[in-house]
Amino acid sequence: MSTGFELFTDRNVVAMRVNGELKDLAATTTDTDTVEPVTIDSPDGLNILRHSAAHVMAQAVQSINPEAKLGIGPPVTDGFYYDFDVAEPFQPEDLKAIEKAMDRIIRQGQRFQRRVVTDAEARAELADEPYKLELIGLKGAGDSHSDDNESVEVGGAELTIYDNVDGKTGEVYWKDLCRGPHLPNTRMIGNGWSLVRNAAAYWRGSEKNKQLQRIYGTAWPTKDELREYQERQAEAAKRDHRKLGKELDLFSFPEEIGSGLSVWHPRGGIVRGEIEQHARKRHQEGGYTYVYTPHITKADLFITSNHLVTYKEGMFPPIRMDEEVDDEGNVTKQGVDYYLKPMNCPMHILIYKERGRSYRDLPMRLAENGTVYRNELSGALHGLTRVRGFTQDDSHLFVTPEQLEDEVAKVLDFVISMLRDFGLEDFELELSLKDDEKDKWIGSDEFWEYSTNALRHVAQRTGLKLTEVPGEAAFYGPKIDLKTKDAIGRTWQLSTVQVDVNLPERFELEFTDKDGTKQRPIMIHRALFGSIERFFAILLEHYAGQFPVWLSPVQVVGIPVAEAYEDYLGDVIRQLRDAGVRAELDASSERMQKKIRTHTTMKVPFQLIAGEEDAKNGSVSFRFRDGTQENGVPIPDAIARITTAIADHAQV
RNA sequence: GCCGCCCUAGCUCAGUCGGUAGAGCAUCUCACUCGUAAUGAGAAGGUCAAGAGUUCGAUUCUCUUGGGCGGCUCCA
């Protein structure tokens with residue numbers, strides 16, 4: 001018998017795994033146990049650090065406000081939070097006071113002491129903590145959601161309370177219902193932590209429940225790592241597409257139009273146009289046909305598709321047409337309701353249905369940049385990534401069951417190679433499956449098995465990292481989602497490929513097979529960028545506004561050293577424009593240094609400068625985004641260099 | 001939608017313990033004609049988000065509405 005303290009003397013060890021289970025170092029082990037150390041910088045160790053910091057924060061809050069009732073306090077990515085039920089929401093000044101109190105607790109070196117309790121004991125000790133009592137009740141009811149945040153409190157096989165006690169006297173300062181494990185001592189939290197913000201959050205994540213006040217913090221093994229984290233946050237803030245969109249004059253959301261509805265300025269329009277043109281060309285090469293469909297439709301269409309049942313809250317309210325009302329307000333002629341479309345699929349289906357289809361018509365690949373409108377909750381809106389009107393690069397493929405696997409494989413290859421064209425490189429896949437829950441899924445077991453296997457084979461063949469997530473499929477079929485990592489390591493979900501037998505069924509789609517029988521096609525829903533607005537925002541952040549040359553709104557700006565060289569440099573700019581380059585001459589009366597500054601902040605990839613020297617030699621001088629320069633480049637070479645960079649989608 | 005915070009010139013922000021406002025940049029004018037990140041001078045620009053209330057008086061206090069930000073929920 002020995003404790004973790006005896007087994008591991010390394011100060012970086014904060015807990016241990018005993019036969020695979022995380023335990024406090026104070027726990028005892030036997031010779032037959034498999035015991036592994038958990039260091040503070042490991043994923044488990046970080047969680048323990050952060051969860052322990054959450055406890056200290058809760059103790060600090062209750063030391064300041066004994067009336068604060070405890071919610072839950074789990075670790076999350078990069079940090080932790082704790083929820084409190086308090087009469088008055090926290091203010092920024094409160095966070096400072098809480099940090100001070102936390103600092104005292106940490107310096108005090110309180111020990112975390114684990115204690116097993118019965119249900120009755122826990123209820124008695126936590127009589128003043130209604131939310132904890134509710135959690136105890138849940139556990140009693142055999143609730144076994146083992147991976148949610150609540151399990152941090154009551155997820156173990158037995159109920160445990162952690163006491164925070166004085167390192168020397170053993171006096172109990174505070175206690176909390178908790179599964180553990182914890183750091184041995186609050187001092188190990190060190191100084192690599194900080195409170196980040198406070199916000200409201202619904203108790204147990206349901207908007208039907210009361211809102212609690214949540215305080216978020218971040219915690220790291222060292223102060224240096226905290227600083228690095230803060231720098232990463234600052235870098236992300238610098239790249240924020242909402243900020244760059246304003247600075248680079250790309251798009252805006254005029255209040256007069258309404259929230260979540262974007263307008264695209266000339267510069268943003270150029271970038272978006274390049275994205276769309278490139279995608280269009282690739283789609284046409286890939287056997288897709290572009291179609292156009294209207295923005296509004298009579299209700300019938302979305303009743304048939306069932307969207308007006310399952311998705312009604314997500315849709316804008318109807319526009320009533322042709323209704324006539326007399327002076328008393330009685331309806332004398334029935335009107336018709338029109339809806340803004342939240343999806344394009346039913347419209348594409350109607351194109352399919354316009355005439356009888358043969359197996360020879362399949363696969364049929366319809367593509368559209370279809371603008372859809374969704375009544376998103378106002379609080380959910382966020383820049384261009386979450387809006388009320390957006391354009392999906394939507395495709396619907398109609399295939400025979402036999403074609404499904406091949407076609408999905410093609411689609412996935414297509415998606416990946418297209419995203420590579422835009423400079424994204426790091427991908428992984430998520431295969432969403434059905435689970436055992438009854439009633440949630442439609443379609444036969446055979447269909448699910450067949451289509452799931454098809455998607456799995458295809459996904460595996462890409463060689464990309466693949467995660468399978470049971471229960472995440474659409475109710476009508478499995479799907480593959482593609483995620484990408486941007487330049488600063490953030491993950492974005494982009495493309496989705498979904499198999500659907502539901503809509504073909506609802507709309508009674510058919511094709512005539514070789515043997516003359518009528519068969520039902522399978523539909524594949526495919527969004528590549530997801531939403532063009534959102535994809536644009538992701539690229540903008542990925543490149544921090546420094547788009548590769550082909551996407552840059554202005555590719556070249558000519559800056560004459562003095563007015564006398566405007567004609568000379570203007571001629572070079574004209575040649576570039578003739579070659580299809582977006583080149584401009586800055587003939588304003590500013591000084592050249594000022595112009596360089598202006599166009600550098602606008603992130604123009606090539607600045608061409610010419611004065612006496614270059615005019616004499618028939619050359620120009622390059623200044624690049626990073627401030628480096630290359631002087632005396634002969635004009636033809638300069639033009640070739642620029643056009644090549646555009647054609648190659650090069651970053652400069 | 002919910003909770004909290006916020007909205008002052010085109011932009012970024014000061015400011016007014018209630019007596020109707022200021023800077024820098026951008027814009028316009030003039031002078032300077034200049035070789036790699038801001039030339040100088042001057043001018044113009046604001047019903048302090050909108051509406052209502054309290055007050056002798058509101059940009060400032062209160063309420064309502066709109067918009068934004070951070071979360072929750074939701075999601076392309």
Side-chain angles (χ1 to χ4, degrees), chain A residues 76 81 83 86 88-92 94 196-216 237 240 242-243 246-247 249 252-261 311 313-314 342-344 370 372 374-394 481 492-496 525 527-535 537-538 559-566 588-602 607-615 620-632:
Chain A
V76 291
Y81 67 78
D83 290 341
V86 283
E88 293 297 321
F90 297 107
Q91 299 296 320
D94 298 334
V196 176
R197 67 171 65 92
N198 68 296
Y202 296 104
W203 168 238
R204 301 190 60 221
S206 167
E207 56 185 333
K208 295 194 180 66
N209 290 339
K210 179 163 187 179
Q211 278 196 329
L212 306 181
Q213 292 298 315
R214 174 172 297 179
I215 302 178
Y216 282 94
D240 190 314
R242 294 167 300 182
K243 182 169 170 283
K246 190 171 272 179
E247 288 170 0
D249 194 15
S252 59
F253 292 90
E255 193 181 321
E256 295 85 338
I257 295 180
S259 57
L261 299 167
Y311 196 73
E313 334 71 70
M343 320 249 172
N344 302 300
V372 296
R374 298 184 183 177
N375 186 15
E376 298 292 341
L377 294 179
S378 58
L381 301 174
H382 182 91
L384 283 176
T385 61
R386 196 73 189 281
V387 290
R388 288 201 171 134
F390 63 98
T391 305
Q392 292 182 311
D393 64 325
D394 211 357
D481 290 325
W492 300 88
Q493 203 219 292
L494 285 177
S495 320
T496 178
H525 302 256
L528 199 160
F529 303 140
S531 125
I532 294 175
E533 288 79 357
R534 184 167 171 276
F535 183 69
I538 292 166
I559 301 174
V561 167
E563 203 177 329
Y565 311 105
E566 277 175 13
S588 67
S589 63
E590 298 294 344
R591 285 167 145 64
M592 69 165 293
Q593 285 87 342
K594 178 64 175 297
K595 295 182 185 180
I596 287 169
R597 181 185 148 79
T598 302
H599 298 111
T600 302
T601 55
M602 291 307 278
Q607 295 183 25
L608 288 188
I609 296 166
E612 179 59 30
E613 254 174 72
D614 279 312
V620 290
S621 297
F622 277 90
R623 183 186 162 101
F624 302 99
R625 275 170 172 155
D626 63 359
T628 58
Q629 44 181 297
E630 205 172 313
N631 297 336

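Predicted model, so just to flag it, every value in this text is computed and none were measured. All heavy atoms count here, side chains included; hydrogens, waters and symmetry mates do not. Protein chains get the first letters and strands the later ones, always in sequence-line order, with residue 1 at the start of each.
Remark: G19(B) base-pairs with C56(B). Criterion, Watson-Crick or G-U wobble with two distances under 3.5 Å. Of all nucleotides present, none satisfies the Watson-Crick or G-U wobble test against A26(B) with each distance under 3.5 Å. In a base pair of the Watson-Crick type (N1 to N3 plus N6-O4 or O6-N4) or a G-U wobble (N1-O2 and O6-N3), with each distance short of 3.5 Å, C63(B) is matched with G51(B). When Watson-Crick and G-U wobble pairs are counted only if both distances are under 3.5 Å, C75(B) pairs with no nucleotide at all. Remark: A14(B) base-pairs with no nucleotide in the shown strands. Criterion, Watson-Crick or G-U wobble with two distances under 3.5 Å. The pairing partner recorded for C69(B) is G4(B), the criterion being a Watson-Crick or G-U wobble arrangement whose two distances lie under 3.5 angstrom.
Look at the C1' atom in both G22(B) and U65(B): the space between them is 30 Å, to the nearest Å. Nucleotides U29(B) and G67(B) place their C1' atoms 36 Å apart, quoted to the nearest Å. For C30(B) and C11(B), the C1' atoms lie 25 Å apart once the distance is rounded to whole Å. Nucleotides U8(B) and U55(B) have their C1' atoms positioned 23 Å apart, rounded to a whole Å. Separating the P atom of A38(B) from that of U16(B) is a span of 34 Å, rounded to the nearest Å. Using C1' as the reference atom, G45(B) and C3(B) are 39 Å apart when rounded to the nearest Å. Remark: the separation of the C1' atoms in C6(B) and U20(B) is 22 Å, to the nearest Å. For the P atoms, the distance linking C63(B) with U54(B) amounts to 15 Å, nearest Å.
Nucleic acid contact class of E533(A) (heavy atoms, under 4.0 Å, all strands): none. Among the atoms of the strands shown, only primed sugar atoms or phosphate atoms (P, OP1, OP2) are found under 4.0 Å from some heavy atom of S259(A). Residue contacts for S621(A): at a heavy-atom cut-off of 4.0 Å it reaches a base atom on one of the strands shown. Within the 4.0 angstrom heavy-atom criterion, no nucleotide atom of any strand lies near K595(A). Within the 4.0 angstrom heavy-atom criterion, only backbone atoms of the sugar-phosphate kind lie near R214(A); the bases stay farther away. Across all strands shown, H599(A) has no heavy atoms under 4.0 Å from either base or sugar-phosphate atoms. Counting any heavy atom pair closer than 4.0 Å across all strands shown, V372(A) reaches no nucleic acid atom.
Comparing U73(B), U33(B), U36(B) against the side chain of N631(A) picks out U36(B) as the nearest.
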Worked check of side chain to side chain contact (heavy atoms under 4.5 Å, CB included) between T391(A) and E533(A): CA-CA 7 Å; T391(A) 305; E533(A) 288 79 357; 3.4 Å; yes
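A donor-acceptor contact under 3.5 Å links the side chain of Q211(A) to the base of C2(B).
Lacking a ring centre under 5.5 Å from that of the base six-membered ring together with a plane angle below 30°, Y216(A) does not count as stacked on G71(B).
Legend: residues meeting side chain to side chain donor-acceptor pair (under 3.5 Å) with T628(A), ordered by chain and number and at least two apart, are D626(A).
Side chain to side chain, T601(A) and E247(A) fail the donor-acceptor criterion of an N or O pair below 3.5 Å.
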Heteroatom pairs (N/O) under 3.5 angstrom, protein to nucleotides 41-51 of chain B:
none

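Atom-to-atom, CZ of R591(A) to P of A38(B) comes out at 11 Å; the value is rounded to the nearest Å.
Under a 3.5 Å cut-off, the side chain of R374(A) and the backbone N or O of P342(A) do form a donor-acceptor pair.
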